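Dropping a structure here in structure tokens format, bear with me for questions.
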Amino acid sequence: MTQDDRIKLEPSWKHALRAEFDQPYMQQLREFLREEHAAGKEIYPPGPLIFNALNLTPLDQVKVVILGQDPYHGPGQAHGLCFSVQPGIPTPPSLVNIYKELKRDLNIDIAAHGCLQHWAEQGVLLLNTTLTVERANAASHANKGWQHFTDRVIQVVSEHQPNSVFLLWGAHAQGKQKWVDATKHLILTSVHPSPLSAYRGFLGNGHFGRANKFLEQHGLAPIDWQLPAL
């Protein structure tokens with residue numbers, strides 16, 4: 001089996017990112033993850049869900065990019081989509097604030113769950129900048145190589161897609177802004193939706209309505225932000 005065969009990735013992303021899997025940083029990252037598993041550490045999300053954001057949102061369908069930091073580090077939470085949790089898991093505080101802003105901005109009913117897969121299936125790339133984490137150890141896999149991979153993901157969207165919206169909430173996400181061509185895409189920034197900062201400018205930012213307006217102005221269908229019941 002070749003390295004290419006081992007990469008379980010949606011075909012359009014696999015084609016665009018193939019070269020990244022041969023980079024030295026990716027080889028070092030693979031070795032780091034192997035060692036963590038060998039040491040008996042629990043890593044989230046489960047292996048098949050690490051690239052879930054890419055697998056659920058093919059490159060040519062990306063309309064909106066939302067950037068998170070690293071996966072949730074509690075049992076059963078992370079499933080490869082930023083800010084989202086698996087069905088049956090309580091809605092985390094940052095996502096509660098995202099729902100509050102959706103209600104204020106577009107009068108969308110607050111969902112009874114925290115699974116954002118409906119957004120991903122419409123072209124919202126829910127990308128964490130680090131794709132794995134150790135259980136109960138936030139940011140434990142930051143600066144291990146994933147940041148280079150997700151830099152490239154953002155570059156590829158910027159280069160490949162004609163009119164996308166990038167929602168960059170908080171300083172960490174805004175650090176990726178340099179990879180986005182602002183002459184063709186809409187970049188919206190604010191503080192993070194975390195309870196620590198949401199009241200300093202996330203609540204009231206109007207990003208969801210502004211994103212849909214931009215998409216419609218460019219002949220694209222708006223995102224249906226209303227999450228269906230599970």
Side-chain angles (χ1 to χ4, degrees), residues 8-13 44-46 48-72 74 76-129 131 150 153-154 157 160-161 163-169 173 185-186 188 190 192-194 198 202-203 205-230:
K8 300 287 187 254
L9 199 56
E10 187 279 327
S12 64
W13 283 114
Y44 300 140
L49 297 178
I50 289 173
F51 296 114
N52 204 21
L54 304 178
N55 288 333
L56 286 176
T57 313
L59 175 55
D60 61 2
Q61 293 175 26
V62 175
K63 297 178 180 179
V64 177
V65 179
I66 298 179
L67 277 181
Q69 198 155 345
D70 63 341
Y72 295 120
Q77 289 182 300
H79 64 136
L81 305 177
C82 73
F83 295 108
S84 179
V85 288
Q86 303 204 53
I89 298 292
T91 304
S94 292
L95 184 53
V96 168
N97 285 330
I98 290 171
Y99 287 170
K100 284 180 183 174
E101 176 55 19
L102 267 172
K103 178 67 174 172
R104 190 211 61 81
D105 186 12
L106 298 174
N107 197 31
I108 281 173
D109 292 337
I110 291 175
H113 61 84
C115 180
L116 304 181
Q117 185 163 327
H118 178 62
W119 295 359
E121 290 167 347
Q122 296 178 76
V124 182
L125 182 63
L126 295 165
L127 184 70
N128 279 312
T129 56
L131 299 189
T150 54
V153 170
I154 293 161
V157 173
H160 185 278
Q161 291 298 85
N163 304 111
S164 296
V165 183
F166 289 79
L167 303 183
L168 307 181
W169 301 329
H185 302 294
L186 177 63
L188 299 176
S190 81
H192 195 275
S194 155
F202 178 80
L203 296 170
N205 69 20
H207 282 185
F208 300 102
R210 290 166 69 187
N212 275 353
K213 185 177 178 184
F214 179 84
L215 294 174
E216 289 178 305
Q217 285 171 342
H218 290 89
L220 297 166
I223 303 299
D224 170 20
W225 298 106
Q226 179 73 65
L227 292 165
L230 293 178

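All values derive from a computational prediction rather than experimental measurement. Note that these values count all heavy atoms, side chains included, but never hydrogens, waters or copies made by symmetry.
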Notebook entry, point to check: Under 3.5 Å, side chain of Gln61 to main-chain N/O of Pro58, donor-acceptor pair present?
Noted result: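 Side chain of Gln61 to backbone of Pro58, a donor-acceptor pair under 3.5 Å: no, none is there.
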
Notebook entry, point to check: Is the backbone of Phe208 close enough, under 3.5 Å, to the side chain of Asp105 for a donor and an acceptor to pair up by distance?
Noted result: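 Yes.
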
Checklist line | Working for side-chain contact (heavy atoms from CB on, under 4.5 Å), residues Phe166 and Ile154 | finding: CA-CA 9 Å; Phe166 289 79; Ile154 293 161; 4.0 Å; yes

Check: Which heavy atom in Val153 sits nearest to a heavy atom in Leu127, and how many Å separate them?
Finding: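 It is CG1-CD2, 3.8 Å.
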
Next item on the list: Please name the residue in the list Ile98, Asn97, Leu102 that meets the side-chain contact (heavy atoms from CB on, under 4.5 Å) test with Lys100.
Entry: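 Checked Ile98, Asn97, Leu102 against Lys100; only one passes side-chain contact (heavy atoms from CB on, under 4.5 Å): Asn97.
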
Note to self: Please determine whether side-chain contact (heavy atoms from CB on, under 4.5 Å) holds for the pair Ser12 and His160, giving the CA-CA distance in whole Å, both sets of side-chain angles, and the decisive distance to 0.1 Å.
What the structure shows: CA-CA 11 Å; Ser12 64; His160 185 278; over 6 Å; no

Checklist line | Nearest heavy-atom neighbours spanning Ile108 and Gln226 | finding: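 The answer is CG2-OE1, 3.5 Å.
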
Check: If you measure from the Lys or Arg side-chain nitrogens to the Asp or Glu carboxylate oxygens, is any gap between Lys213 and Glu216 under 4.0 Å?
Finding: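 No salt bridge links Lys213 with Glu216.
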
Check: Is it true that a side-chain atom of Tyr72 and a backbone atom of Phe83 form a donor plus acceptor pair closer than 3.5 Å?
Finding: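 Yes, Tyr72 side chain to Phe83 backbone: donor-acceptor pair under 3.5 Å.
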
Item checked: Inter- and intrachain pairs under side-chain hydrogen bond (donor to acceptor under 3.5 Å, both in side chains), touching residues 113-124, at least two apart ->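 The answer is Gln117-Glu121, His118-Gln122, His118-Asp224.
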
Notebook entry, point to check: Is the backbone of Ala173 close enough, under 3.5 Å, to the side chain of Gln69 for a donor and an acceptor to pair up by distance?
Noted result: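 Side chain of Gln69 to backbone of Ala173: no pair is present.
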
Item checked: CA sep, side-chain torsions, deciding dist, call: Lys63, Val124, side-chain contact (heavy atoms from CB on, under 4.5 Å) -> CA-CA 6 Å; Lys63 297 178 180 179; Val124 182; over 6 Å; no

Check: Are any side-chain N or O atoms of Glu101 and backbone N or O atoms of Gly206, one a donor and one an acceptor, separated by less than 3.5 Å?
Finding: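 A pair under 3.5 Å: yes.
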
Notebook entry, point to check: What are the two closest heavy atoms between Glu10 and Leu59, and how far apart are they?
Noted result: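 Taking every non-hydrogen atom into account, OE1-N, 4.1 Å.
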
Notebook entry, point to check: Looking only at atom types and distance, does a side-chain atom of Gln161 sit under 3.5 Å from a main-chain N or O of Val62, one as donor and one as acceptor?
Noted result: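 At least one qualifying donor-acceptor pair exists.
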
Check: So, Trp169 side chain and Pro193 main chain: donor-acceptor pair closer than 3.5 Å or not?
Finding: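 The answer is no, because no donor-acceptor pair under 3.5 Å joins these two groups.
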
Check: For the ring pair Phe202 and His192, is the centre-to-centre distance below 6.0 Å?
Finding: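 Not under 6.0 Å, so no.
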
Next item on the list: Verify, without hydrogens or angle tests, whether Asn205 (side chain) and Ser190 (backbone) share a donor-acceptor contact under 3.5 angstrom.
Entry: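 No.
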
Notebook entry, point to check: Is the closest side-chain heavy-atom distance between Val64 and Ser164 below 4.5 Å?
Noted result: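 Side-chain contact under 4.5 Å: no.
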
Checklist line | Stepwise side-chain contact (heavy atoms from CB on, under 4.5 Å) test for Ile66 and Leu125 | finding: CA-CA 6 Å; Ile66 298 179; Leu125 182 63; over 6 Å; no

